[in-house]
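One structure is given below, encoded as C-alpha cells.
Reminder, nothing fancy here: chain letters follow the sequence lines and each chain counts from 1.
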Amino acid sequence: MTVTANSFTALSLRIATEPNTQTTVASILTRWYEANARDLAWRRPGASPWGVLVSEVMLQQTQVSRVEPAWQRWMERWPTPAHLAADPPGEAIRAWDRLGYPRRALRLHACAAAIVERHDGEVPDDVEALLALPGIGTYTARAVAAFAFRQRHPVVDTNVRRVVARAVAGEADGGANTTPADLRAVEALLPGDEEAAARASIAFMELGAVVCTARAPRCEECPLIGDCAWRLAGSPPSEGPSRRSQRYHGTDRYVRGLLMAVLRASDDPVPAERLDAVWPDADQRRRALDGLLTDGLVRQRDKTFTLPG
DNA sequence: CACACGTGGAA
DNA sequence: TTTCCAAGTGT
C-alpha cells in the first residue's frame with residue numbers, strides 16, 4: 001500500500017464535493033458499519049477486554065466462522081486471565097483443538113500468566129504494555145486498545161491495508177505486512193475523537209472482511225463506490241509478483257499438525273512408536289518433532305511425549 | 001527481512 | 001481437485 005499526499009487529498013476532495021454530508025471516509029464507513037455490522041460475540045457490550053484479546057489472537061490468520069465456537073468454549077472455561085494461567089499450558093493447547101498455529105495457544109497461556117504477574121490479572125489498557133505481552137504484536141495490541149478500551153489507534157490488518165490501498169491509493173491490494181507508513185496513513189484517516197476513532201477502525205476492518213474482499217470484492221455493496229480510487233482507475237490488477245502459493249500437504253508443518261493431533265487426543269504420555277506411525281519419512285518426522293520440542297509445544301519424558309504440563 | 005508457522009472454507 | 005487466503009507474530 002502506497003499512500004501519497006496526492007492520493008489522500010484526491011479522495012478527501014472528491015468526497016467533499018458531495019452535498020450536505022459528512023465528508024470523511026471514516027464517517028461514511030462508520031455509518032455503513034452501524035447498519036451492516038455482523039453480530040459477533042466478542043463485539044457485544046458484555047464482552048470483557050480479556051474476551052476481546054482472546055478473540056483477536058484466535059482471529060490471527062483464522063476465519064471468523066471457525067473462531068466463533070472456539071471462543072465461546074474458551075470463555076466459558078477461562079473467563080479471566082487468572083483462570084487460564086491456573087491451568088497447565090497443555091490444556092490451552094488441547095482446547096485450541098484444530099484452530100491452527102497451536103503456538104498461539106501456548107503464547108496466549110503465557111500472556112495470561114504475564115497479565116496475572118505484571119498487571120494484577122487485568123488486561124492492560126495501553127499499547128506499550130500490550131505489546132510487551134507474548135503473542136501480542138503491532139496489530140493485536142492496537143486492536144485491544146481500540147476495541148476493548150475505546151482508544152484512538154491505527155488498527156491495521158490485512159483488511160485495512162487492502163481497503164486503504166484500494167480506496168485511497170488506487171492499488172489492487174495492500175502490502176504483505178504493516179509498515180510504519182501504513183500506521184501513519186491510517187492514523188491520518190481516523191477522526192480525532194477516541195470513541196469515533198475506535199468505531200471507524202472496526203468499520204474499516206469490517207468493510208475489508210465482507211465487502212472489499214481480496215477475491216471478488218462486492219463493489220456494488222460498497223459505500224465508497226464512486227469515491228474509490230481503485231474503482232475510478234478501472235480496477236487495475238495487482239502489480240508485481242503474486243505471492244508464491246503455499247503448499248501444505250506433505251510439508252513439515254503438515255507433519256507437525258499430525259503429531260499434535262495425536263498428542264491432543266491422548267490424556268496419557270504417548271510412546272514414540274505411536275508418533276512414528278503418523279508419517280513414513282523418519283527424517284521429516286524427526287524434524288517436526290524436534291521443532292515442536294524446541295517450541296515448547298511438546299514435552300519428552302524418556303521414550304514418551306506429552307503436551308506441556 | 002524473509003521465512004516458518006496449521007487448518008479448513010470457499011470458489 | 002486445485003488454488004487462494006484468512007482480524008499476524010516471532011525470529
Side-chain angles (χ1 to χ4, degrees), chain A residues 33 37-38 40-43 51-71 93 96-108 110-111 130-148 153-163 172-180 182-183 186 201-210 212-218 238 241-264 278 284 287-288 290-292 294-298:
Chain A
Y33 178 79
R38 291 169 295 176
L40 304 177
W42 47 88
R43 288 178 178 170
V52 172
L53 188 155
V54 170
S55 77
E56 293 299 344
V57 173
M58 287 185 169
L59 286 161
Q60 292 167 6
Q61 303 284 284
T62 308
Q63 306 93 320
V64 166
S65 62
R66 298 174 59 210
V67 165
E68 280 181 308
W71 186 88
I93 294 168
W96 200 255
D97 195 43
R98 307 185 68 79
L99 269 187
Y101 293 143
R103 43 171 53 172
R104 289 184 294 166
L106 187 62
R107 294 200 179 115
L108 186 52
C111 178
L130 286 162
L131 276 173
L133 297 170
I136 308 298
T138 304
Y139 162 77
T140 305
R142 288 171 177 77
V144 171
F147 304 148
H153 297 286
V155 181
V156 184
D157 71 337
T158 186
N159 289 310
V160 175
R161 289 197 302 276
R162 185 173 55 249
V163 167
D173 43 37
N177 297 110
T178 295
T179 65
D182 292 334
L183 292 178
V186 171
S201 292
I202 192 65
F204 272 94
M205 290 183 57
E206 187 78 347
L207 188 81
V210 305
C212 193
T213 53
R215 264 184 313 186
R218 301 164 165 79
S238 62
S242 61
R243 29 185 297 194
R244 76 194 200 298
S245 71
Q246 45 179 351
R247 287 165 222 67
Y248 176 58
H249 186 88
T251 62
D252 286 1
R253 254 152 61 172
Y254 175 76
V255 178
R256 283 168 62 110
L258 295 177
L259 296 172
M260 288 303 294
V262 171
L263 292 163
R264 279 196 310 267
V278 304
Q284 196 174 17
R287 231 174 18 247
D290 282 348
L292 291 171
T294 299
D295 290 349
L297 288 164
V298 176

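- Taking atom C1' on both nucleotides, C/dG8 is separated from B/dC1 by 15 Å, rounded to a whole Å.
- Here the side chain of A/Arg162 pairs a donor or acceptor atom with the backbone of A/Cys212 at under 3.5 angstrom.
- A/Thr178 comes within 4.0 angstrom of no nucleic acid atom, judged by non-hydrogen atoms across all strands.
- Look at A/Tyr248 and you'll find a side-chain N or O under 4.0 angstrom from OP1 or OP2 of B/dT7.
- Shown for residues 139-148 of chain A: residues whose heavy atoms fall under 4.0 angstrom of DNA chain C, namely A/Tyr139, A/Thr140.
- One C1' atom belongs to C/dA7, the other to B/dA2, and the distance between them is 23 Å to the nearest Å.
- Counting only distance, with no hydrogens or angles, the side chain of A/Arg264 and the backbone of A/Arg98 share no donor-acceptor pair below 3.5 Å.
- The base of B/dG6 is paired with the side chain of A/Thr62 by a donor and an acceptor separated by under 3.5 Å.
- For A/Glu68 and B/dG8, the CD to P distance is 17 Å, given to the nearest whole Å.
- Closest-nucleotide positions on DNA chain B for A/Arg98 and A/Arg253 were compared, and the one nearer the 5' end corresponds to A/Arg253.
- A/Leu259 comes within 4.0 angstrom of no nucleic acid atom, judged by non-hydrogen atoms across all strands.
- What separates CZ of A/Arg43 from P of C/dA7 is a distance of 11 Å, to the nearest Å.
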Please lay out, stage by stage, how A/Gln60 and A/Tyr139 fare under the test side-chain hydrogen bond (donor to acceptor under 3.5 Å, both in side chains). CA-CA 9 Å; A/Gln60 292 167 6; A/Tyr139 162 77; over 6 Å; no

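- In this structure, A/Arg247 atom CZ and C/dT3 atom C1' are separated by 12 Å, rounded to whole Å.
- Between A/Met260 and A/Ile93, the closest side-chain pair of non-hydrogen atoms falls below 4.5 Å.
- If you measure from atom CD of A/Gln284 to atom P of B/dA4, you get 13 Å, rounded to the nearest angstrom.
- Distances shown here put a side-chain N or O of A/Arg162 below 4.0 Å from the OP1 or OP2 atom of C/dA6.
- Taking only side-chain nitrogens and oxygens, A/Arg256 comes nearer than 4.0 Å to OP1 or OP2 of B/dG6.
- Of the candidates B/dC5, B/dG9, B/dT7, B/dC5 carries the atom nearest the A/Asp252 side chain, counting heavy atoms from C-beta on.
- A/Arg264 comes within contact range of the sugar-phosphate backbone alone, with a heavy-atom separation under 4.0 Å but no base atom that close.
- At the heavy-atom level, A/Trp96 lies nowhere under 4.0 Å from the strands shown.
- Using the six-membered ring where Trp is involved, A/His249 and A/Tyr254 have ring planes that are tilted, between 30° and 60° apart.
- A/Gln284 places a side-chain N or O within 3.5 Å of a backbone atom of A/Gly250 that can act as its donor or acceptor partner.
- Proximity of A/Val54 to A/Trp71: side-chain heavy atoms (C-beta onward) are separated by under 4.5 Å at one or more points.
- As a whole-Å value, the separation of A/Asp97 CG from B/dT7 C1' is 11 Å.
- If you measure from atom CG of A/Leu130 to atom C1' of C/dG8, you get 15 Å, rounded to the nearest angstrom.
- Mapping A/Glu56 and A/Pro134 onto DNA chain C by nearest heavy atom places A/Glu56 closer to the 5' end of the strand.
- A salt bridge is defined here as a Lys NZ or Arg NE, NH1 or NH2 lying under 4.0 Å from an Asp or Glu carboxylate O, and A/Glu68 with A/Arg38 fails to meet this definition.
- Residue contacts for A/Val64: at a heavy-atom cut-off of 4.0 Å it reaches a base atom on one of the strands shown.
- Residue A/Gln63 places its side chain closer to B/dG8 than to any other of B/dA4, C/dA7, B/dG8.
- Heavy atoms of A/Thr138 sit under 4.0 angstrom from primed sugar atoms or phosphate atoms, though from no base atom.
- Taking atom CG of residue A/Asn177 and atom P of nucleotide B/dC3, one finds them 12 Å apart after rounding to whole Å.
- Between A/Gln60 and C/dA7 there is no side-chain N or O to OP1 or OP2 distance below 4.0 Å.
- Base contact: A/Leu99 has a heavy atom under 4.0 Å from a base atom.
- A donor-acceptor contact shorter than 3.5 Å links the side chain of A/Arg104 to the backbone of A/Val57.
- When the C1' atom of B/dG6 is taken as reference, atom CZ of A/Arg107 falls 13 Å away, rounded to whole Å.
- Among the heavy atoms of the strands lying under 4.0 Å from A/Gly137 are primed sugar atoms or P, OP1, OP2 only; no base atom is included.
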